[in-house]
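All heavy atoms count here, side chains included; hydrogens, waters and symmetry mates do not. Everything numeric in this text was worked out from a predicted model, so none of it was measured.
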Amino acid sequence: MAKVSAVNKNNKRIMMAKKYEAKRKKLKKIIMDKKISLEERFKAQQKLSKLPRNSSKIRIMNRCEITGRPHGVYRKLKISRIALRELGLEGKIPGMVKSSW
């Protein structure tokens with residue numbers, strides 16, 4: 001199991017990213033638009049930099065839903081390789097069997 005504080009910190013980042021998503025998108029659209037004056041784009045850039053860093057989507061870590069492990073996580077299943085193996089051995093994942101050759 002991962003540290004509870006690390007999992008909670010990541011959950012906080014997820015909530016902040018959702019909260020500021022529309023605002024960040026709007027500001028980035030202004031910044032990337034070459035038709036808008038340089039001053040307005042610069043002001044938008046400053047507003048974007050004033051937003052909390054943890055409101056950025058890139059700071060969210062993919063963590064296992066079961067254990068909270070940050071590495072070896074399958075994106076599609078949202079669980080780590082270790083948790084996947086344990087669930088497979090317990091027979092909780094349909095169609096998954098231990099390989100032998």
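Note that the NZ atom of K9 and the CE atom of M61 stand 11.5 Å from one another [nearest 0.5 Å].
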Distance-only check: which donor-acceptor pairs under 3.5 Å involve side-chain atoms of residues 67-83, not counting sequence neighbours?
| from | atom 1 | to | atom 2 | distance (Å) |
| --- | --- | --- | --- | --- |
| T67 | OG1 | R69 | N | 3.3 |
| R69 | NE | H71 | O | 2.9 |
| S80 | OG | A83 | N | 3.3 |

Got a list of side-chain donor-acceptor pairs under 3.5 Å for residues 12-33, not counting sequence neighbours?
| from | atom 1 | to | atom 2 | distance (Å) |
| --- | --- | --- | --- | --- |
| R13 | NE | N54 | OD1 | 3.1 |
| R24 | NH1 | S55 | OG | 3.0 |
| D33 | OD1 | K35 | N | 3.2 |

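Within a 6.0 Å radius of CD in E39, other residues, nucleotides and ligands contribute 12 heavy atoms or fewer.
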